[in-house]
Visitor: 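Quick one: structure below, then a few questions.
All of these numbers come straight from a predicted model, not from anything done at the bench. When reading the values below, keep in mind they use all heavy atoms of this one structure, side chains included, and skip hydrogens, waters and symmetry mates.
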Amino acid sequence: MAGDHDMPFFDEDDAPRFDAARAPMQQGAPSGIAARAMAARQGHNNPPEYLKGLNPEQRQAVETTEGPVLVLAGAGTGKTRVLTTRIAHILATGRAFPSQILAVTFTNKAAREMKQRIGILVGEAIEGMPWLGTFHSIGVKLLRRHAELAGLRSDFTILDTDDVTRLIKQLIQAEGLDDKRWAPRTFAQMVDTWKNKGLAPEEIPEGDARAFANGRGRELYRAYQERLTTLNACDFGDLLLHPIRIFRKHHDVLAEYHRKFKYILVDEYQDTNTAQYMWLRLLAQRPKGGNATTEGREPDRATEPSRGPRGALAPSGAEQRVSENKVNICCVGDDDQSIYGWRGAEVDNILRFEKDFPGATVIRLERNYRSTAHILGAAAHLIAHNEGRLGKTLFTDRPDPEDPRVNVHAAWDSDEEARAVGEAIEAYQRNRHQLNDMAILVRASFQMRSFEDRFIEIGLNYRVIGGPRFYERQEIRDAMAFLRVVANSGDDLAFERIVNVPKRGLGDATIRQIHDTARALGVPMLEASTRLAESDELKPKPRAALREVAANFARWQSLLDSTPHTELAEMILEESGYTDMWKNDRSAEAPGRLENLKELIRSMEEYESLRAFLEHVALVMDAEQNEGLDAVSIMTLHSAKGLEFETVFLPGWEEGLFPHQRALDEGGRSGLEEERRLAYVGVTRAKKNLHIWFVSNRRIHGLWQSTIPSRFLDELPEAHVEVQEGGGSSYGGYGNPYGGGAFASGRGGFSAGRQNPYGASRFDNLGSPSGGRAARGDQGGSFSNSYATPGWQRAQQNRTEATDRNWGTRSGHQVERIGYGEVDSGYGAGRTSVKGRTIEGELVAKSVADAPSAFKVGDRVFHQKFGNGNIAAVDGNKLTIDFDRAGQKKVLDGFVTAV
DNA sequence: CCTCCGCATATTTTT
DNA sequence: TATGCGGAGG
């Protein structure tokens, strides 16, 4: 077997032998890396340039090249710097060639950044690192070399989630199952979860197998894998799993890579899932006696029935013996920033590192270069509420007492929140802050909408980061499908996607016929179409259409080698009628789609060939956003990881949203801890200014819900936090008649007789003039006289100055203000009541099935926001109410009181 | 083939 | 509430 791989194995990137002084040089006198390498070898006392400016811990992390190393790199402690400098150091000291270093990241962005920074450190004279990339891109590289060992040809196609879902849908239908009852997406997700755990069809838990397709989950998974093999295709999970299986089975192959990779580096180790962990361990474990195989003691974790908590894979005795050998693996990560548990990441991997790699050096990077002492203090106090951490405390050596504290603000509802944040941003802008330095980080993307609406209204530039990606758009995927078929006529999934695009009258019936013919003849669908078009099995119309399709593809394929690929692509889109299709489309999106197609062609120019481009796109599903424009960034907390901004706004800190109810329901305590880590990530994005917001009312699924402040707010240390009375008071913009944003509708409501499951909060009364006090029997507080508060006065002013810049153009808001006034009169009686919640464990709230409503049709009720109204319909606890002023609304019964 | 209506669904996202 | 999907019907 080994002989089969020798050829591809020692090709481009395997330099035959090492010569530090020569290899990296291209011409001229020794300089750059070569000079540094020689200096290092000659034992000069002066540290090389690239080590200067590192702090002692960073330097230790760079210079401890031998043996297993775990670098616990807190937020903003120079993680990437350590990683790149470490690679530069290994290269400069002649410890390894670029091709002998395996460096894995999670995202293409991270890989790109690392390559670039290594380039800067080491000088342009060195060729790129061939084995620096994402788990998946390295997986493809391995699999292309050894494809036949996985039953594939080396030109296999990589399916993305969309392809996978369509394929699974076909399988479900082929099994005679109802694809409505058994959603293909759901099953695709299940398969993904199994693959994240490294499980083959025979290894999945019985319960999982039974849970789908009338208990036929296992067979379906198996059928799916078989279908992939037939199609000469694999999904993202396979890019890791196939190499794992090859390594396990073919020890000679594994041994080659053991010899090859002298150093292994892993970025964001806390995000690794079980499959990635298995993959890494296979590559990292070296058998004791030189090149001997690991035969007989190869761990087969996937079949191990017993695991520790949360799927932890305790190393077996055999593995421990194996791993005694020195392994130069360096994992960098931060357990406090592990936020991807829901997609299979195992925090345990990082928590267990020292057990997995006995004798490991653990280095903590805690010196933070990003944030102020207040922000770090807040972050530290917050994250300290988590158990099971490795434990780190960030510090800065430039404390500045003048720094602003972390600001906590209250708002009445999400619209007001958006308004207040907008005003805060404008205030910063007036103080010459760049919009580019500000970001709004939300928990869930639906929160973005109120900000977008508001910013459009006031003409504030913003940019949404994340969301649907360039390569996931319909027009791009269609165009890609054309190209895929041209490059590989066996790509049936791509073919099916576009046979009838633009519409050519090839309906389901014809496509089924192509399918059947293809299967009967054992040929790809394109081939089958060609033959069908020549036969008279089809009616004239589809036959002609199909003949044209087949002829088109034949022509394009014949041009593949002779025509520049960008030109060919343009030709394909033109001749297929695809561009015309969008030109004739009068919908609003059509021009944008044409623009995207142009962009696609443009981006192809960077690649040598169509194939090179397609390979790239399969794995790199990101496209750059337009820089240059000064705009506020809006994104989710998840996509903010790794970024930093001068000023950060964190809206929506309410129970149920953040921590998210679903995380609590499904993840229990560990779910809560992951939410807290997410909060920690959010807080640590800020360099100087941090504003946290919560609202009292949020519309969820169209129903107004009264909310209570997030428990995370209570976990912030008072010393570093300043509570802003009234949402945007410090920016002098707005206010509501109650002197600020929020009523004590949440916790205040509880304390009136119900139990607040989270205990009293110091935010209970924030912004509440009388509601909170009334509810809790007056405990004074900062709002003992609501009419004296700045907020109230501001509100009065605002009401009279209707032409004020902040109000004038927004009739909607003005109406809403008046609405508040109406509410005012009845407020005392209209105290909110909130449904109780059960508590599971100590801290975790479970949502509770709502009891039937005590109200009936015709009842006269009062609602805080909408005023008085009559109940028009009752559905469980959901009420449809005709409000006197606000019209018909649906509202939960907990938020209205009988009048 | 296109349009309209009813129905389910409504965190987080990379490769 | 809003969105998107799939089926039914023109």
Side-chain angles (χ1 to χ4, degrees), chain A residues 104-111 133-140 158-165 169 178-181 183-186 189 192 195-196 234-241 268 271-273 275-276 338-345 414 441-449 465-469 471-472 500-508 541 585 615-622 635-642 652 656-667 671 674-675 677-679 681-682 698-705 878 880 887-892:
Chain A
V104 267
T105 64
F106 274 84
T107 63
N108 292 298
K109 197 177 157 205
T134 61
F135 277 100
H136 296 267
S137 66
I138 291 168
V140 187
I158 302 162
L159 306 186
D160 65 24
T161 38
D162 199 71
D163 296 322
V164 167
T165 308
K169 186 174 179 180
D178 177 10
D179 65 353
K180 275 203 118 163
R181 170 99 173 72
R185 285 192 129 193
T186 312
Q189 278 157 12
D192 193 56
K195 290 192 173 180
N196 284 158
C234 60
D235 61 21
F236 286 123
D238 289 338
L239 296 179
L240 283 168
L241 290 193
E268 305 278 21
D271 287 339
T272 49
N273 62 35
Q276 287 155 342
S338 164
I339 55 174
Y340 286 112
W342 51 273
R343 68 177 197 208
S414 50
L441 313 181
V442 298
R443 173 66 245 264
S445 41
F446 74 82
Q447 290 175 260
M448 293 179 182
R449 204 182 149 169
I465 299 194
R469 275 158 222 305
Y471 289 105
E472 281 168 10
N500 197 29
V501 175
K503 300 270 189 269
R504 302 187 164 84
L506 295 169
D508 277 353
K541 247 195 192 165
D585 189 310
E615 171 87 5
H616 168 84
V617 168
L619 291 168
V620 183
M621 302 290 272
D622 61 355
M635 69 189 98
T636 63
L637 286 160
H638 282 92
S639 38
K641 194 167 90 160
L657 177 59
F658 195 34
H660 200 282
Q661 192 58 49
R662 234 167 120 169
L664 302 180
D665 288 349
E666 289 165 18
E674 185 157 308
E675 294 287 291
R677 289 192 292 267
L678 196 51
V681 166
R698 197 173 282 279
R699 206 167 49 179
I700 295 169
H701 308 329
L703 294 172
W704 279 100
Q705 301 243 146
K878 292 173 197 164
T880 306
Q888 195 176 74
K889 303 274 177 197
K890 284 184 182 172
V891 161
L892 281 184

Visitor: Please check the phosphate of B/dC1 (OP1 and OP2 only) for any side-chain N or O of A/N500 closer than 4.0 Å.
Guide: yes
Visitor: Do the non-hydrogen side-chain atoms of A/L619 and A/T134 ever get within less than 4.5 Å of each other?
Guide: no
Visitor: Counting the atoms with a prime plus P, OP1 and OP2 as sugar-phosphate, which does A/G139 contact under 4.0 Å by heavy atoms, base, sugar-phosphate, or nothing?
Guide: nothing
Visitor: Atom CG of A/D271 and atom P of B/dT13: how far apart are they, to the nearest Å?
Guide: 13 Å
Visitor: Could you tell me the separation between the CG atom of A/D508 and the P atom of B/dC2, rounded to a whole number of Å?
Guide: 14 Å
Visitor: If I take atom CZ in residue A/R698 and atom P in nucleotide C/dT1, what distance separates them, rounded to the nearest angstrom?
Guide: 18 Å
Visitor: So, A/H660 and B/dT11: ring centres less than 5.5 Å apart, planes less than 30° off, yes or no?
Guide: yes
Visitor: Please give, in whole Å, the distance from B/dT13 C1' to A/L637 CG?
Guide: 13 Å
Visitor: Go through B/dT12, B/dC2, B/dT15 for me and flag the one nearest to the A/K503 side chain.
Guide: B/dC2
Visitor: Ignoring hydrogens and geometry beyond distance, is the side chain of A/R699 in donor-acceptor contact with the base of C/dT1 at under 3.5 Å?
Guide: no
Visitor: In whole angstroms, how far is the P atom of C/dA2 from the CG atom of A/L703?
Guide: 12 Å
Visitor: Do any side-chain nitrogens or oxygens of A/T636 fall under 4.0 Å of OP1 or OP2 in B/dT13?
Guide: yes
Visitor: Roughly how many Å is it from CG in A/D178 to P in C/dC5, rounded to a whole number?
Guide: 18 Å
Visitor: Assuming nearest nucleotide by heavy-atom distance, tell me which of A/L506 and A/S137 is located more 5' along DNA chain B.
Guide: A/L506
Visitor: Base of B/dT11 relative to its sugar, syn (within 90° of 0) or anti?
Guide: syn
Visitor: Give me the distance, rounded to whole Å, that separates C/dA2 from B/dT13 when you measure between the P atoms they each carry.
Guide: 22 Å
Visitor: Rounded to whole Å, please give me the gap between CD in A/E615 and P in B/dT15.
Guide: 15 Å
Visitor: Looking at B/dA10, B/dT12, C/dA2, which one has an atom nearest to any side-chain atom of A/R449?
Guide: C/dA2
Visitor: Can you tell which of B/dT12, B/dC2, B/dT11 lies closest to the side chain of A/E666?
Guide: B/dT11
Visitor: Toward the 5' end of DNA chain B, which comes first, A/H701 or A/G505, by nearest nucleotide?
Guide: A/G505
Visitor: Please determine if a side-chain N or O atom of A/K169 lies less than 4.0 Å away from the OP1 or OP2 oxygen of C/dG6.
Guide: yes
Visitor: Please tell me which of the listed nucleotides, B/dT15, B/dT11, B/dT12, lies nearest to the side chain of A/W342?
Guide: B/dT12
